Q: 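If you scroll down you'll find the structure; I have some questions about it.
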Amino acid sequence: MKKLFVSLLFLSPFFIAGCSKDDDNASIVNCEAKNYGVVKVSFGDINIKHGILVTQIGSESITREKIIEAGKGSDTIRLVPGSYHINVASINNSNQAIEDQTFTNRNIVQCQEMSFHVAF
């Protein structure tokens, strides 16, 4: 899984519509018009980089990814409603996974926020 995560980190970094913390309120307000749910991931260690890999179930070729630089304690992602596998990893400076955790079969619902926390 770690090898797959690392190799996919380089394929399509522009697929995830990430939000800054300032955009959180706007995300909830616009979710109905723009048809998305909100996923919030918080990290236990802000001194390392993290990667988020999202794969839509039933469309395993639809993979989205994002790298979050060290110093951030959380990140927000907008996703079209559907079922997803969400993999979160701590990554080194070469973007190789150090530790990872996968949240499987998560159903994203329009205008609802889902939160995840990883210890690393």
Side-chain angles (χ1 to χ4, degrees):
M1 184 61 160
K2 287 182 183 179
K3 232 178 182 179
L4 175 65
F5 181 84
V6 171
S7 65
L8 290 173
L9 274 175
F10 299 103
L11 293 178
S12 56
F14 53 88
F15 281 98
I16 284 185
C19 309
S20 71
K21 205 159 189 63
D22 297 335
D23 292 335
D24 286 351
N25 291 336
S27 294
I28 301 300
V29 172
N30 294 322
C31 65
E32 191 170 294
K34 295 184 180 179
N35 190 32
Y36 61 81
V38 177
V39 174
K40 197 170 208 174
V41 181
S42 61
F43 314 115
D45 185 354
I46 65 167
N47 296 312
I48 55 175
K49 291 194 306 185
H50 291 87
I52 301 173
L53 177 68
V54 179
T55 305
Q56 190 170 19
I57 297 172
S59 301
E60 274 67 23
S61 62
I62 300 177
T63 301
R64 299 173 181 196
E65 59 196 86
K66 186 174 186 182
I67 295 177
I68 298 87
E69 293 300 321
K72 286 188 72 176
S74 66
D75 197 67
T76 304
I77 303 166
R78 300 175 194 163
L79 293 171
V80 174
S83 295
Y84 296 87
H85 297 304
I86 300 169
N87 180 272
V88 182
S90 58
I91 55 177
N92 63 21
N93 289 331
S94 300
N95 292 337
Q96 296 172 321
I98 300 168
E99 187 175 357
D100 72 328
Q101 183 173 350
T102 302
F103 302 93
T104 58
N105 299 318
R106 302 305 167 131
N107 191 34
I108 305 303
V109 178
Q110 181 183 32
C111 295
Q112 288 188 7
E113 184 176 300
M114 183 174 287
S115 296
F116 300 101
H117 175 78
V118 292
F120 47 85

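Nothing fancy with the numbering, it's 1 onward along the sequence. What you see is a predicted model; the values in this text were computed from it and never measured.
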Q: Working to the nearest 0.5 Å, report the span between OG of Ser94 and NZ of Lys49.
A: 8.0 Å
Q: Using the test side chain to side chain contact (heavy atoms under 4.5 Å, CB included), find all partners of Ile108 that sit at least two apart in sequence or belong to another chain.
A: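 Ile108: side chain to side chain contact (heavy atoms under 4.5 Å, CB included) contacts with Val39, Leu79, Tyr84, Met114.
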Q: Just jot down the ring-ring contact (aromatic ring centres under 6.0 Å, His included) partners of Phe120, sequence neighbours excluded, or say none.
A: none
Q: Out of curiosity, Thr55 OG1 to Arg64 CZ, how far, rounded to the nearest 0.5 Å?
A: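 Here the interatomic distance stands at 10.5 Å.
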Q: With hydrophobic residues grouped by side-chain heavy-atom distances under 4.5 Å, do Ile86 and Val118 end up in a single group?
A: yes
Q: Find the distance between CG (Leu53) and CD1 (Ile67) and round it off to the nearest 0.5 Å.
A: 11.0 Å
Q: Could you tell me which non-hydrogen atom of Gln110 sits nearest to which non-hydrogen atom of Cys31, and how far apart they are?
A: NE2-O, 3.5 Å
Q: Quick one: CD1 on Ile68 to OG on Ser90, what's the gap to the nearest 0.5 Å?
A: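 So the gap between those two atoms works out to 11.5 Å.
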Q: Quick one: side-chain hydrogen bond (donor to acceptor under 3.5 Å, both in side chains) partners of Ser42, sequence neighbours excluded?
A: His117
Q: Ile77, Ile46: one ILVMFWY side-chain cluster at the under-4.5 Å cut-off?
A: no
Q: Please answer: with hydrophobic residues joined when any side-chain heavy atoms are less than 4.5 Å apart, are Val88 and Ile48 in the same cluster?
A: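 No, Val88 does not connect to Ile48 through the hydrophobic network.
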Q: Restricting to side chain to side chain contact (heavy atoms under 4.5 Å, CB included), what partner residues turn up for Asn105, sequence neighbours left out?
A: Ile57, His85
Q: So, taking the atom named CG in Asp75 and the one named NE2 in His50, what distance separates them when rounded to the nearest 0.5 Å?
A: 10.5 Å
Q: Which heavy-atom pair separates Ile98 from Ile91 by the least distance, and what is that distance?
A: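 Closest pair (atom of Ile98, atom of Ile91, distance): CD1-C, 3.8 Å.
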Q: To the nearest 0.5 Å, tell me how far Asn87 CG sits from Thr63 OG1.
A: 11.0 Å
Q: Got a sec, which pairs hit ring-ring contact (aromatic ring centres under 6.0 Å, His included) with one end in residues 87-116, sequence neighbours left out?
A: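 Qualifying pairs, neighbours excluded: Phe103-Phe116.
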Q: Are Val109 and Tyr36 connected in the hydrophobic side-chain network, where two residues link if heavy atoms are under 4.5 Å apart?
A: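 Cluster IDs for Val109 and Tyr36 differ.
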